[in-house]
Amino acid sequence: MPRLIECVPNFSEGRDLAKVDALVAAMSGVARAWVLDRTSDADHNRTVITLAGEPEAVAEAAIRGAGRAAELIDMTRQTGVHPRIGATDVIPFVPLADVSVEECIALARHVGQELWDRYRIPVHFYEAAATRPERVNLENVRKGQLEVLREEVVRNPDRSPDIGEPRLHPTAGATAVGVRKLLIAYNIYLNTSDVSVAREIARVIRSSSGGLPHVKAIGVEMKTRGRAQVSINLTDFQQTPLHVVFEMVKSEAERRNCAVVGSEIIGLVPRRAIELSRGYDLQLENFFPERVLENRLASVAGILLPPPDLPSESVAALQPLVDKLREAIQGPSRSSLRDPNEALPVNEIAFERGPDEAADSHLGAAFAAAEIYERLIQLEATDAPSMLLDWLALRQAAMAAARAALDSAVVLLPSLQDAGTVERIKVGKAEIEAKLSGKPVTSGR
């Protein structure tokens, strides 16, 4: 297992998707860092991009993204319902595997210094990276948003940046860099456009008002949908699971003669958060397996994170296959991003290595993931019933990896020159689909 962190930069642009494409492109060229997801919203005028990979690589990708944002986003003209202090509003780092909080704090310090040295963007540190107790809470750093911070940073030492001079970048503002646990950005929609109702509910449920622990919430108006929204950051989903938040919002809405009409997760969600709320109807919109963090790591980077309670002998049995998958997926591509709701893009690898070689590489990755899927079924049959959910989660991740690699191979079919490669892809597709359906066939490969 490589050393692994997550980073979720939030950019103050959610309307001009060409600019968002440019931000993704700026962060996609760093080896050992992968763009796992992008989510944009026009009302919030905000984009959340999820990166993961080895610490130094992810840090460099985040720095490049912030630099591109400073070029593209003019905060003197930016508007939206979400609080913000800069073009790159926040850059939080999250340790995932074999990386300590202390190492992430050192990484945050490095990123903050680089943002100032390269782009003259002043930086405030927050959460675990905070240099002052009052800056642990991000809301204190963002108090008054960009417009107030721009004035106060000049004359109030308590609002001076941790790195940089006491003035904001003229168009990019400032950036908050932090270290935290996995966070879930969770929105709940009401069947009213009256934003005051959402604000009342947000005030009741958030921890700062005596509501639910580990819950931050605001009420906003979503004009494009004609709905009011309770916008929530859940900072510890194990202490306060998703369904607890949903049920309280639902109850408070009913008390105000309103109803919940849907909810959504912004970015990715840890597998454990879904398991904790299994059996509850969260009325989730547009949710599918690729919204799960572990599944995206498997399909984009070939990294399988085993559940913490998985027996060591099972992990050992899987390790050679996991290594094979990681090599197969990471070999032909250093980074990739596909929105599962959109058509597959033209494969960049095809331009680097030729479409036939790229298609064969993707097919090999798909077979490696399908082999893991089959092996997981065998191991599951020998394990305790209490581990069934863990095995299901791993199988889901392996299937996501197999299908993503297979899709990448199939999309190249129209551009293939070699008839033999075309035939291998078609036959391989049938065989892999059969493996994933539990009905293996013999292809004569």
Side-chain angles (χ1 to χ4, degrees), residues 1 4 6 34 36-37 39 50 52 96-97 182 184 237-238 241-243 264-265 267-282 284-311 314-315 317-319 321-326 328-330 336-341 362 365-408 429 431-440:
M1 177 61 61
L4 194 65
E6 180 191 52
W34 293 273
L36 300 185
D37 183 74
T39 304
T50 304
L96 291 181
L182 287 164
I184 300 174
F237 63 85
Q238 303 208 65
L242 282 166
H243 66 272
E264 64 181 358
I265 290 171
L268 302 180
V269 60
R271 150 199 312 148
R272 182 61 178 155
I274 299 301
E275 292 172 353
L276 288 172
S277 294
R278 192 181 298 274
Y280 292 88
D281 181 12
L282 303 179
L284 280 173
E285 301 175 359
N286 302 316
F287 186 79
F288 37 86
E290 285 205 353
R291 306 305 298 178
V292 176
L293 171 63
E294 289 85 349
N295 294 351
R296 286 297 284 167
L297 277 170
S299 61
V300 172
I303 296 173
L304 273 174
L305 292 179
D309 297 328
L310 204 65
S314 297
V315 175
L318 281 172
Q319 196 58 53
L321 296 176
V322 170
D323 291 342
K324 181 179 179 182
L325 172 64
R326 186 163 64 250
I329 289 183
Q330 293 184 13
S336 63
L337 170 67
R338 177 172 65 87
D339 184 336
N341 289 321
H362 290 310
F367 270 111
E371 186 178 352
I372 290 178
Y373 181 83
E374 289 185 310
R375 181 60 174 145
L376 286 168
I377 293 175
Q378 297 168 2
L379 291 171
E380 179 183 328
T382 65
D383 215 334
S386 62
M387 298 300 299
L388 287 180
L389 282 180
D390 286 337
W391 287 116
L392 176 63
L394 273 178
R395 282 197 286 116
Q396 189 181 68
M399 178 179 286
R403 293 201 183 283
L406 186 59
D407 286 347
S408 294
K429 180 178 185 296
E431 185 173 346
I432 290 168
E433 291 286 4
K435 286 176 179 289
L436 298 179
S437 69
K439 300 175 183 178

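Worth saying up front: this structure is predicted, and the values here are computed from it rather than measured.
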If you take all heavy atoms of Ala298 and Ala401, which pair is closest and at what distance?
-> O-CB, 3.4 Å
Least distance between heavy atoms, Pro241 atom then Leu276 atom | CB-CB, 4.4 Å
Flag side-chain contact, heavy atom, 4.5 Å: Thr39 against Arg291 = yes
Leu304 and Ala398 have their tightest heavy-atom pair at CD2-N, 4.3 Å
Heavy-atom pair with the smallest gap, counting every atom of His243 and Ser277 | ND1-OG, 2.9 Å
Ignoring hydrogens and angles, tell me if any N or O in the side chain of Thr50 forms a donor-acceptor pair with the backbone of Leu36 under 3.5 Å.
-> no
One should read off an interatomic distance between Ile432 CD1 and Arg403 CZ, to the nearest 0.5 angstrom, of 10.0 Å
If you take all heavy atoms of Glu290 and Arg296, which pair is closest and at what distance?
-> O-CG, 2.9 Å
Measuring from Tyr373:OH to Ser437:OG, what's the distance to the nearest 0.5 Å?
-> 8.0 Å
Of all the heavy-atom pairs spanning Leu297 and Ala52, show the shortest one and how long it is.
-> CD2-CB, 3.8 Å
Establish, from distance only, whether the side-chain atoms of Gln396 and Asn295 form a donor-acceptor pair under 3.5 Å.
-> yes
Got a second to check how far Glu294's CD is from Ser299's OG, nearest 0.5 Å?
-> 11.5 Å
Roughly how far apart are Leu282 CG and Phe287 CZ, rounded to 0.5 Å?
-> 9.0 Å
Is the closest side-chain heavy-atom distance between Trp34 and Ile303 below 4.5 Å?
-> yes
Report the distance from atom CZ of Arg395 to atom CG of Leu436, rounding to the nearest 0.5 Å.
-> 11.0 Å
